[in-house]
Structure formats: C-alpha cells, structure tokens
Amino acid sequence: MRVLVVEDHRALAANICDYLEGRGFTVDFAADGLTGLHLAATFSFDALVLDLGLPGIDGLDIVRLLRKRATEGTPILLLTARDTLDEKLEGFAAGADDYLVKPFALKELEARLRALGRRGRHRSILRTGDLVFDRERVVVERNGRRIDLPPIGLRLLELFMTSPGRVLGREDLEHGLWGDEPPTSDALRTHIHVLRTAVDRPFDKPLLHTVRGVGWVLEKDRDVPA
Ligand code: CA
C-alpha cells in the first residue's frame, strides 16, 4: 500500500513512517497542510493519514478540498487529539473515512489502513479513453488489446491515469517514481518512451502527449497544435 502521512509533529511522524515502512507500506510524508495537499492532489495513494491540527491549511480543510476535487476518493484517516463527538462528526461530514484519537497504537493504525485499502479497491480501475488499467489484477488493455509493461511503466501509467488531463512535469514524475532519490541519468525519458511505444504506437490516436518545455499529459482528446 502507498500511504501519505501529513503530520507536523516530527517525532510522531517519524514513528508512523518508520513503523509503516517496516510493515511493507510505501510512505510519503508532509509536515504541513499545503505540502500535504499538493502531494495528495498530484500523486495517487491507497490511503491518507491526516493530522487535524496542522500549520497553514488544517486537516479538515484538506479533507474538504480533496473531496471537492473528488478526483478519486482516496480513503482518509484523521489523526487528532480531539475526541469530542462533534469533532468526529465534523470530520466524517467533511468526507473522512476513519478516525484515530492520539495517543494510539501503531498496530491499530496499520489495521485500519489495511481495512481502508480493502474498501478502496473498487476504485482500482482507471480509464482514459479506450485505455483501461485494472490495478488490482495489474492488467492494462487498450481497445480490448492487452498491453504489457514493466513495473516502472505501470507506475508511470498510474501517475498519468490518476491525473487525467493534467500536465505532469519532470519533477512530478520523478518524485512519483523514485521519491526523493531520482536517478542521476535521464532515466525518465527512457521510461516515457517505453510507455508511449506500448500504449500509443499500435493505435491510431495518441493518448500520451508531450507539452514542450513543460511535461507530458495523458488525455483522450487533446488538440495538437499544427
Ligand atoms: Ca498537529
């Protein structure tokens, strides 16, 4: 599971990230609301762990903003020191899926995240035009024809398909593929080429477009300048 943790308490955040990584999760981390919102809106996660009390944009506002975009409906678990009924209800009303009151056992956080991940699986099918990516079965098809991709190609395709119509720059994609340690070589260009060859070459209409000087976008009906 890929999880985004947004928590401004550094020691707690480090505990959560270390624990989840030790349990086989892939974890991204943000220490403030704005960074968290940017990561949540840019990349795809199986679940979000959101602290309610954050500097800048607080957790509830992030939930509301993400739910308004409703791009995918990633499950959200709120962390809070508040435990009154009203605040719980406010969290759920904003669109959160689960709730943990601090202090909590990391084991319980893990169990709840796995449950949320299972619930989120019906959202596992991504579509752009006639291109379909079933993430649970790990099957990619275009116009009914099976497309084989290496693992990194699948991840790259997932980044594009969870941000349909959005131009993704080099930094977005490198972060999505390799986190904070991108390779020094221009590996990204090679992976884009492999993806494009697999997804577009056998078909009439290209889906993956280059936007010169900006990045790439996966889109069904993009006007290509003459
Ligand atoms: Ca806090």
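Keep in mind that what you see is a predicted model, and the values were worked out from it rather than measured.
- By the 4.5 Å heavy-atom criterion applied to side chains, Val5 and Asp51 are not counted as neighbours.
- Leu154 and Leu126 fall within a single hydrophobic cluster, where Ile, Leu, Val, Met, Phe, Trp and Tyr side chains are chained together by heavy-atom contacts under 4.5 Å.
- Comment: Arg155 engages Glu158 in a salt bridge, judged by a side-chain N to carboxylate O separation of less than 4.0 angstrom.
- Atom CG of Asp186 is surrounded by more than 12 heavy atoms from other residues, nucleotides or ligands within 6.0 Å.
- Of all heavy-atom pairs between Pro202 and Thr197, the closest is CD-O, 3.6 Å.
- Heavy-atom contacts from other residues, nucleotides or ligands closer than 6.0 Å to CZ of Arg23 number 12 or fewer.
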Stepwise, does the side-chain contact (heavy atoms from CB on, under 4.5 Å) test hold for Arg10 with Phe29? CA-CA 10 Å; Arg10 292 284 178 163; Phe29 161 71; 3.8 Å; yes
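- Once rounded to the nearest 0.5 Å, the distance linking CD1 of Ile57 with CG of Leu34 reads 4.5 Å.
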Please evaluate residues Ile16 and Leu79 with respect to the criterion side-chain contact (heavy atoms from CB on, under 4.5 Å), reporting the C-alpha separation (whole Å), side-chain torsions for both, the decisive distance (0.1 Å), and the verdict. CA-CA 11 Å; Ile16 292 173; Leu79 298 180; 3.8 Å; yes
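- Distance CD1/Ile76 to OH/Tyr99: 13.5 Å, rounded to 0.5 Å.
- A salt bridge is absent between Asp46 and Arg2; no separation between the charged side-chain nitrogens and carboxylate oxygens falls under 4.0 Å.
- Put simply, the side chain of Leu12 reaches to within 4.5 Å of the side chain of Lys102, judged on heavy atoms.
- Salt-bridge check for Arg64 with Glu90: passed, with a basic side-chain N closer than 4.0 Å to an acidic carboxylate O.
- A continuous path of Ile, Leu, Val, Met, Phe, Trp and Tyr side chains, each step under 4.5 Å between heavy atoms, connects Ile152 with Leu188, placing both in one hydrophobic cluster.
- Criterion: ILVMFWY side-chain heavy atoms under 4.5 Å apart, direct or through other members. Under it, Val217 and Leu156 are not part of a common hydrophobic cluster.
- Shortest non-hydrogen contact noted between Leu60 and Ala94 is CD2-CB, 3.9 Å.
- The hydrophobic clustering, which links ILVMFWY residues whose side-chain heavy atoms are closer than 4.5 Å, places Leu100 and Val49 together.
- To the nearest 0.5 Å, atoms OG1 (Thr210) and CD1 (Ile192) are separated by 7.5 Å.
- Note: Glu21 CD to Tyr19 OH = 13.5 Å, rounded to the nearest 0.5 Å.
- With rounding to the nearest 0.5 angstrom, the CG atom of Asp97 is 9.0 Å from the CG atom of Leu78.
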Check step by step if side-chain contact (heavy atoms from CB on, under 4.5 Å) holds for Leu20 and Met1. CA-CA 10 Å; Leu20 291 178; Met1 274 182 81; over 6 Å; no
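- Contact check on Arg127 versus Glu141 returns no salt bridge, with no Lys/Arg side-chain nitrogen under 4.0 Å from an Asp/Glu carboxylate oxygen.
- Both cation-pi conditions hold for Arg142 and Phe203: the charged atom is under 6.0 angstrom from the six-membered ring centre and inside a 45 degree cone around its axis.
- Linking ILVMFWY residues whenever their side-chain heavy atoms come closer than 4.5 Å, directly or via other members, leaves Val211 and Leu157 in distinct clusters.
- In terms of heavy-atom proximity, Ala40 sits nearest to Phe45 at CA-CE1, 4.1 Å.
- Taking 4.0 Å as the cut-off between side-chain N and carboxylate O, Asp200 and Lys205 do not count as a salt-bridged pair.
- The two residues Leu116 and Pro75 make their nearest non-hydrogen contact at O-CG, 3.7 Å.
- Nearest heavy atom pair, residue His9 against residue Glu7, reads N-OE2, 2.8 Å.
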Would Leu149 and Leu195 count as a side-chain contact (heavy atoms from CB on, under 4.5 Å) here? Give the steps. CA-CA 7 Å; Leu149 285 168; Leu195 180 63; 3.7 Å; yes
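- Atom CD1 of Ile62 sits about 7.5 Å away from atom CG of Asp58, to the nearest 0.5 Å.
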